[in-house]
Amino acid sequence: MRRALALSVALAAAVCTVAGGTARADDEGPQITKPPKLVKFVPAVYPKDKHDAHVTGSVLLSIEIGDDGKVGEVEVVKGAAPDFDAAAVAAAKQFIFEPAEIDHQPAPVKITYRYDFTIVEQIVKAGPQINFDGMVIERLSKKPLARVSVKITDLEGAAAVTDLDGRFAFTDVPAGTHKIQLAHPKLITVMTEETIAVGKRRTVKYLVEEKDDEDEGISIVVRAPRIKKEAVETRIRTEEARRVPGTQGDTLKVVQNLPGVARSSFGSGDLIIWGAAPNETKVNVDGVQIPALYHVGGFRSTINSDLVRSINLSPGSYGADYGRGLGGLVRIDLGPLPKEGTHGYVAADNLDASALLSTALTPRLRLAVAGRISYLDQLLPLVTSADVGDFVPIPRYDDYQARATLALRPDEELALTFLGSDDHLKRAIPSDDPSEVRAQNIDSGWKRVILRYARLLPDGASVVVTPSFGIDTSSNQELFGSTPVDVRSTTYQYALRAAYRRRVGLSTTLSFGVDMQAQSSTLDRNGSLTLPAREGDPFVFGQPPRNDIASDHWNVLVIDTAPYANAEITLGRLSLVPGLRFEPVLIEGTPSLPSGGAAPPNGYSSFSLPENPVDQLPNSQFTRTLKALRYLPNPRIAAAFRATKKLTLIAGAGIYGQPPDPQDMSPVFGNPTIGLSRAAHLSGGFNYKLRPTLTLEVIGFYKRMWDLVSRNDVPPPVADQLTQNEIGRAYGGQVLLRQELLRGFFGWITYSLTRSERRDHPNTDWRLFDFDQTQALGLVASYQLGHGWDLGVRFRYTTGFPRTPVVNSYQDSITGQYNPIFGPYNSIRIPSFYQLDARIERSFVYRRAKMNVFLDVQNLTDRQNPEEIIYNYNFQVRSYITGFPTLAVLGARVEF
Amino acid sequence: MKRIVVLLLLSAAASGCKPDLGTPQSLIIGPTILAIRGTPPEAAEGGMATYDALTVDVAGTIAAPEINWAQCLEPNPPANGNDVSNACLTIPDDTTAPAPTFSAALATNACTLFGPDAPPPMKGQPPMRPADPDTTGGFYQPVRATWQSDAGPLLAFALQRITCRLANAPTDIAAMYATNYVANKNPALADLVLDPAGAMTTLYAAGQTVTPQTATISAGQKVTLQADFSADAAETFLVWNVLTLTLDTQRESLRLSWFATGGVFEHDATGRSQTEVEPFTQNVWTAPMTPGPVYFWVVLRDDRGGIDFAAAKLDITP
């Protein structure tokens, strides 16, 4: 109903007087035989300001009427206000009368006429009216989004779809609070609430985050609590990641700058997240595990960034759909290929050259190939000292990818992806002294073939099936004098991931899946028992390994099949994602004992579960009743509570398991009876939206780990070199203040304060984890200056890694070399690390091609950051190996 | 300009990352134990060996060092990265008074403590894994020497090779090994010669009863020194190859460490690999600018713990 305001003017009674005459009672003079009759009334225009002010008035007019009935002179006898008077006069002059008659003859007369200006409100029902409408736009680009379904779920039939301008509208929505649902075929359904007031129109603007181009899924991040399956998750857009200094345009390197990620040790690309060892954090591409995110040295990622749609880092407490890792989770989602035309790029810088070519062979079939090859190892010795490789590992690497996607139907797609990566590191230090000869030859590589089938069912459910096959190879051959190190492995990985997801109610979505993986490894190891070094080994740079050697050849098969279930539940402001993961692991191998003489090798087989750690609880009557929970599926849960529109409280917890590393299962170098390691994660904090694109996030976490593997500290004869009674704990907090891309600027400040400890054996004390990094501060800022210029800076501060001091030494008379006598384990630290990096980039557009030229300068201040402690020959003089000085990477990229 | 462009295009120099670690090992600047020699260098369980030490200082060889000796019977756990158990650092001395030499019998169960003879497994337990040999197939018992020098106690360990049976080898191979294996002997230095291509001045000769006359060279002069060893210094021996599971014949490599109280050696150590048959090794030494005596020592080592050493002296003239 629309309230209408009607304006009417009452016609006052006219009081007539006869012009120029008076009535004679007893005289036979002229007589008015017929008064004038108004036949055409013209309403006066109500002065606007008087009307708006609801001011009324009456104007008394004197109107001359001719013998033809037309109005002559009009005079104001008694006015109300000049505008009222003028309006009344103007209207009266247009009156038309039937003339008066005097003695039955038309005659001119003069009358007085009162014109009343009054306001009368009248409610008029005008039909259906829009009282709830709005717009759905992409948050960052501000583009309107079409085909988004908007439903008022508590009103039957109240549904709309945004048009090409992103607009939607509802008519005659009853007053009150209503539940609004925004959905899209590929959208994580989100609910919000709106209140419609009586007689008022509610216009809203929903800002959404578009996952990809207009055909891909989008997720709501503002105004409605996005139901995240991971309690703690940082997600970076690739266009932001590429511009972070130090990444050289490699978007996957942005992970190294995210909260919770420690700076890796010099010359490695290890991911150290929330105090977990590098091998405890798993990297998945489209749900398939890969062994390494970065090439050796950490210079470059192993996957071409242009194929990547998103990178998600969960430092802990991740959901039930992933497992096999006690640490964090990095999920990389590959993106769709361009729908039309042929596109690609060619790029080169100091480190390597890369290229990608993508084409749509048919409207439904798209293909892309990409590759990268490095040449830093060839360039660096030309401009530096020839012995630079003695202290700094300079690898040679390459990676290559191919991808084909076939749109079977509008909501059904098949994608075949091939990923490959290789790393080589070779260096040799000859010497006239046979015991000083050093050589290192590392070759590693991995390949994956991933087939992904995805379908959106008509009822809104989704199915994704991902079989995959992979090969991992590694060879590490070193020589320290006469002591060799030779470790080689080949692993075949067979995996299948299948997931089904469906909304089962207004506020509940269920997903079920199975995550299967089988790894068959063949390993050979010859030489030193103490190299490669393990976490927990007292470490001194350049110290020769122990002189005892051994040899072994063994096979390990690890099969785990993990059915899981997740529920995404919205209870008003509370969002819960509970999950269960049941992951039995079968481990088989051969031999179980060191092979000797003619005795045939025998094998072993074990079946285990990552048990829920109720056995770690203090022994009491209550905890004894919980023992039954020990063998149940591992629980995981993420929760978010939207306390206010800006403040969301988040929490997560879970039990995790990790199968043993096949390299640890040698009966000679390790222990074939090693089983699963376990961990419990607990995290919590809040997320506060200072502004729509400015977020403050504070997270605290605690992790506990059991059944970790460490070296046996019992003197020989021992059954095994490794034991599995190490425990660990990590705890701390992190703060992230993040400005998402807004008017060309983005950046973040992150700070973490953490502690990570291990206890190798029940009879030893807690000690610092080798990768403990107490404090880490990072600042990233990037700004589009305009005219194609981008400028970015990055500042990092981190605590140095702990090291074990050498307090004395003794000479080993066989070799004449000195052996260190260590002080308390990890009781000193390498000095802190500070570094300022900058990046400047210029983009050019020429017709359909775009060219970027960038200069990425690391260590702008040329700070001599200590990276490792080094001693002289008898450990009486201590110094530091410093990292790279100012390192400028100049590169160019042409894309079309 | 071109160089700037090149530097701009390529990574910056990394030469600054190599630290300065002070004086080299070959320069003697204070009391130092250069070697502990066991004679014989290899013995069976319960066999006798006598140990002596080469202890030096800036004024020359310390003739009668006061050394406390201890035989260590602590096997080395897998978690220890050194060749000697940390427990050996704190065991009490065997000697009641310091002495320059020490004679003792190897432990009668040395091959069990340090070698391949693992005890039988306990009921219900997996078999114990014995110690692993080094690249020469050897097992060693540590002997600690603590020299009470003027600069305080200095530590060194001799690793006495133990003659043990072959582990994890077929019976016939083990028998062949036991029959044909020859225990290690200390290599022998023949002489130390100054300027072998010219004046050939002998600074040391094996078995010398009279110390050679001290040679003189000018300050800052660069000279070549040559150490000759006996023809049988590099022995050939049997070794169980754990990689190929075969009984191989291996030739020792020899390593010579050079020391002096002044000047600079081109190399702290030189030597001959297993395939090099030349019975000598050379080094270049640059005399100091300061006139005066300079004391030299060389220590010859083979792969299996055998040691010999010698001393010499040069006078530096202005």
Side-chain angles (χ1 to χ4, degrees), chain A residues 350 376 379-380 383-385 387-388 391-392 432-436 482-483 526 529-530 537-538 543 546-551 593-594 596-598 711-721 810-814 816 819 821 864 870 872-873 877 879-888 890, chain B residues 6-22 25 33 35-36 74-79 81-85 89 118-119 125-135 155-159 168-170 242-243 253 255 257 267-271 273 299 301 303 305 307:
Chain A
N350 308 18
L376 180 64
L379 285 181
L380 200 58
V383 292
T384 69
S385 59
D387 61 355
V388 62
F391 297 90
V392 179
D432 288 344
D433 178 1
S435 71
E436 290 294 320
S482 61
T483 304
N526 306 299
L529 273 78
T530 55
D537 289 347
Q543 179 189 4
R546 277 170 58 156
N547 59 8
D548 40 2
I549 62 169
S551 175
L593 296 172
R711 288 202 198 274
N712 199 334
D713 66 343
V714 173
V718 293
D720 302 292
Q721 294 283 318
Y810 60 85
Q811 193 207 49
D812 173 349
S813 201
I814 276 194
N819 282 356
I821 299 174
Q864 303 297 304
I870 190 171
N872 73 333
Y873 69 93
V877 175
S879 185
Y880 300 101
I881 297 172
T882 56
F884 282 125
T886 302
L887 180 67
L890 180 65
Chain B
V6 170
L7 286 174
L8 195 61
L9 285 172
L10 300 174
S11 306
S15 57
C17 63
K18 188 174 181 179
D20 176 14
L21 294 173
Q25 186 171 3
I33 302 177
I36 306 288
E74 301 291 336
N76 198 9
N82 290 336
D83 293 331
V84 170
S85 170
L89 299 172
Q125 297 294 323
M128 295 295 188
R129 214 168 80 71
D132 294 291
D134 71 356
T135 54
L155 270 180
F157 276 90
L159 295 176
N168 296 325
V242 297
L243 311 183
S253 66
R255 179 171 179 263
S257 300
H267 305 285
D268 289 347
T270 59
S273 66
V299 178
R301 294 180 167 91
D303 287 338
I307 293 175

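Proteins come first, then strands; the chains are lettered A, B, ... in the order of their sequence lines, and each starts at number 1.
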> Pick from B/Pro77, B/Pro78, B/Ala79: which one has the most heavy-atom pairs with chain A under 4.5 Å?
Replying inline: B/Pro78

Can you tell me which portion of [X] sits under 4.5 Å from chain A's heavy atoms? Options are side chain, backbone, both or neither.
| X | answer |
| --- | --- |
| B/Ile36 | both |
| B/Thr270 | both |
| B/Ser257 | neither |

> How many angstroms lie between CZ in B/Phe157 and CD1 in A/Ile814, if you round to the nearest 0.5 Å?
Replying inline: 12.5 Å

>> Are B/Gln25 and A/Asn872 packed together at the side-chain level, in the sense that at least one heavy-atom pair is separated by less than 4.5 angstrom?
In response: no

> Could you go step by step and tell me if A/Asp812 and B/Val84 meet the side chain to side chain contact (heavy atoms under 4.5 Å, CB included) rule?
Replying inline: CA-CA 9 Å; A/Asp812 173 349; B/Val84 170; over 6 Å; no

>> Using only atom types and a distance under 3.5 Å, with no angle test, would you say the side chain of A/Gln811 pairs donor to acceptor with the backbone of B/Ile33?
In response: yes

> What is the minimum heavy-atom distance between A/Ser813 and B/Ala158, and which atoms define it?
Replying inline: CB-CA, 4.0 Å

> If you count heavy-atom pairs under 4.5 Å between each of A/Asn526, A/Thr530, A/Thr483, A/Val877 and chain B, which one has the most?
Replying inline: A/Asn526

> Would you say the side-chain atoms of A/Gln543 and B/Asn82 include a donor-acceptor pair closer than 3.5 Å?
Replying inline: yes

>> Before you tell me yes or no, could you show the steps for B/Leu89 and A/Tyr810 under side chain to side chain contact (heavy atoms under 4.5 Å, CB included), namely the whole-Å CA-CA distance, both residues' side-chain angles and the distance that decides it to 0.1 Å?
In response: CA-CA 9 Å; B/Leu89 299 172; A/Tyr810 60 85; 3.9 Å; yes

> Is it the backbone or the side chain of A/Leu529 that comes under 4.5 Å from a heavy atom of chain B, or both, or neither?
Replying inline: side chain

> A/Asp548 pairs by side-chain contact (heavy atoms from CB on, under 4.5 Å) with which of B/Asp132, B/Asp134, B/Thr135?
Replying inline: B/Asp132

